[in-house]
**Q** 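The structure that follows is given in the form of structure tokens.
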There are 2 protein chains.
Amino acid sequence: MAQTDEVFAALSSPVRRDVLRLLLDGPKPVQELAEHFDMRRPSLSEHLRVLREAGLVSERRSGRYRLYSLEAEPLRMVSDWLSPYERFWRQKLAGLRDLLDEEPL
Amino acid sequence: MAQTDEVFAALSSPVRRDVLRLLLDGPKPVQELAEHFDMRRPSLSEHLRVLREAGLVSERRSGRYRLYSLEAEPLRMVSDWLSPYERFWRQKLAGLRDLLDEEPL
DNA sequence: ATAATAGGTAGGAAATCTCCTACCTGTCTA
DNA sequence: TAGACAGGTAGGAGATTTCCTACCTATTAT
């Protein structure tokens with residue numbers, strides 16, 4: 001089971017968030033992911049390792065390809081972590097709405 | 001406006017997540033936060049700086065104290081970022097429920 | 001069998017993080 | 001006004017991150 005620390009750390013890189021976004025469309029081999037980034041493949045491999053260790057992607061071999069798939073389970077943990085804070089930003093939004101209401105068109 | 005990178009990076013430390021949790025109860029001076037951690041105050045100060053730069057806390061001076069408050073706004077950004085993934089973990093949950101339904105009591 | 005392809009690991013450089021001690025500023029109190 | 005207290009900044013050590021080049025393994029095609 002992935003640690004919360006690892007999951008947040010994995011998500012702190014724009015490269016790794018982009019990988020997850022690309023995988024929303026379905027599993028992809030490394031080379032197809034690599035096309036989207038301006039970096040050498042070994043560097044991308046390391047990003048994929050970070051995502052794998054955080055449990056955010058899984059790898060399945062298919063011939064000489066390795067297909068990476070999204071594993072969203074750890075993101076549920078993030079969502080759960082967020083929930084105690086939700087009322088605070090909703091509150092702020094409500095406050096903003098009140099402010100706008102005070103200024104009628 | 002805080003960058004997504006900074007926000008996720010700020011949340012990747014258990015110390016900083018604990019600070020946010022403590023601030024759910026309301027604003028607190030540094031010393032009261034410090035009681036909860038096994039580290040020197042300058043180190044905590046640095047964690048607070050990281051949270052401040054991510055926009056997750058704000059500081060207000062009150063005499064010789066500095067009161068830190070939760071600023072949940074950047075967490076809404078995290079929540080928005082999560083939403084395209086939500087159906088994936090819900091899907092998984094549904095799959096598990098189906099599996100359990102196949103095993104009637 | 002040999003060459004090409006997919007993609008990983010090894011190891012190193014530069015940057016960044018996280019802790020520390022030492023020190024500074026600003027505010028309150030005796 | 002001097003001392004105590006709250007809490008910041010400076011600078012350094014050690015660990016970690018993120019990129020690189022070089023190289024290795026496994027699979028497919030010729």
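Lettering of chains follows the sequences in order, A, B, ..., and the numbering in each one begins at 1.
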**Q** Quick check: do B:His36 and B:Asp18 have side-chain heavy atoms less than 4.5 Å from each other?
**A**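 B:His36 vs B:Asp18: side chains apart.
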**Q** Could you tell me whether A:Pro42 contacts a base, only the sugar-phosphate backbone, or nothing, with contacts defined as non-hydrogen atoms closer than 4.0 Å?
**A**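 Since a base atom lies under 4.0 Å of A:Pro42, the category is base.
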**Q** What does A:Tyr68 touch in the nucleic acid at a heavy-atom separation under 4.0 angstrom: a base, only the sugar-phosphate, or nothing?
**A**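 If one applies the 4.0 Å heavy-atom cut-off, A:Tyr68 turns out to touch the sugar-phosphate alone, with no base involved.
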**Q** Just checking B:Arg41: base, sugar-phosphate only, or nothing, at a heavy-atom cut-off of under 4.0 Å?
**A**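 Base contact - B:Arg41 has a heavy atom under 4.0 Å of at least one base atom.
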**Q** What contact category does A:Gln31 fall into here, base, sugar-phosphate, or nothing, at under 4.0 angstrom with non-hydrogen atoms?
**A**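 The answer is sugar-phosphate, as A:Gln31 gets under 4.0 Å only of primed atoms, P, OP1 or OP2.
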**Q** Report the distance from atom CZ of B:Arg40 to atom C1' of D:dA10, rounded to the nearest whole Å.
**A**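 These atoms are roughly 18 Å apart.
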**Q** Does any part of the side chain of B:Leu11, heavy atoms only, come nearer than 4.5 Å to the side chain of A:Val78, both counted from C-beta?
**A**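 A side-chain contact under 4.5 Å is absent here.
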**Q** Does C:dC17 have its OP1 or OP2 closer than 4.0 Å to a side-chain nitrogen or oxygen of B:His47?
**A**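 Checking B:His47 against C:dC17: no side-chain N or O falls below 4.0 Å of OP1 or OP2.
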**Q** Over all strands shown, is A:Arg52 touching base, sugar-phosphate only, or nothing at heavy-atom distances under 4.0 angstrom?
**A**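 Contact class for A:Arg52: none.
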**Q** Round to a whole Å and report the spacing from CZ of A:Arg60 to P of C:dA6.
**A**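 For the pair A:Arg60 CZ and C:dA6 P, the rounded distance is 18 Å.
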**Q** For A:Asp5 and C:dC17, give me the distance from atom CG to atom P, rounded to whole Å.
**A**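 So the CG-P distance, A:Asp5 to C:dC17, works out to 16 Å.
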**Q** Using whole Å, report how far NZ of B:Lys28 lies from C1' of D:dA6.
**A**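 After rounding, the gap between these two atoms is 17 Å.
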**Q** By nearest nucleotide on DNA chain D, pick out whichever of A:Arg61 and A:Asp38 is the more 5' one.
**A**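 The answer here is A:Asp38.
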**Q** What is the distance from CZ of A:Phe37 to P of D:dT18, rounded to the nearest Å?
**A**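 Result: 13 Å.
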**Q** Choosing from D:dG8, C:dG8, D:dC19, which nucleotide comes nearest the side chain of A:Glu46?
**A**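 Of all the options, the side chain of A:Glu46 is nearest to D:dC19.
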**Q** Taking only side-chain N and O atoms of A:Ser43, does any of them lie within less than 4.0 angstrom of OP1 or OP2 on D:dC20?
**A**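 Answer is yes, contact under 4.0 Å.
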**Q** Quick one: does B:His47's side chain get under 4.5 Å of B:Val19's, heavy atoms only?
**A**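 Answer no - side chains too far apart.
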**Q** Does any part of the side chain of A:Glu53, heavy atoms only, come nearer than 4.5 Å to the side chain of A:Arg49, both counted from C-beta?
**A**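 Yes, at least one pair of side-chain atoms sits under 4.5 Å.
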**Q** Taking atom P of D:dA6 as reference, at what distance in whole Å does atom CD of B:Glu32 sit?
**A**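 Interatomic distance, CD of B:Glu32 to P of D:dA6: 12 Å.
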**Q** In terms of side-chain heavy atoms of A:Tyr65, which of D:dG8, C:dG7, D:dT18 is nearest?
**A**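 So the side chain of A:Tyr65 is nearest to C:dG7.
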**Q** Looking at every non-hydrogen atom in both residues, tell me the closest pair between A:Arg21 and B:Tyr85 and how far apart they are.
**A**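 The answer is N-OH, 3.1 Å.
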**Q** Any side-chain N or O of A:Arg64 under 4.0 Å from OP1/OP2 of C:dG8?
**A**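 For A:Arg64, the contact criterion (side-chain N or O under 4.0 Å from OP1 or OP2 of C:dG8) is not met.
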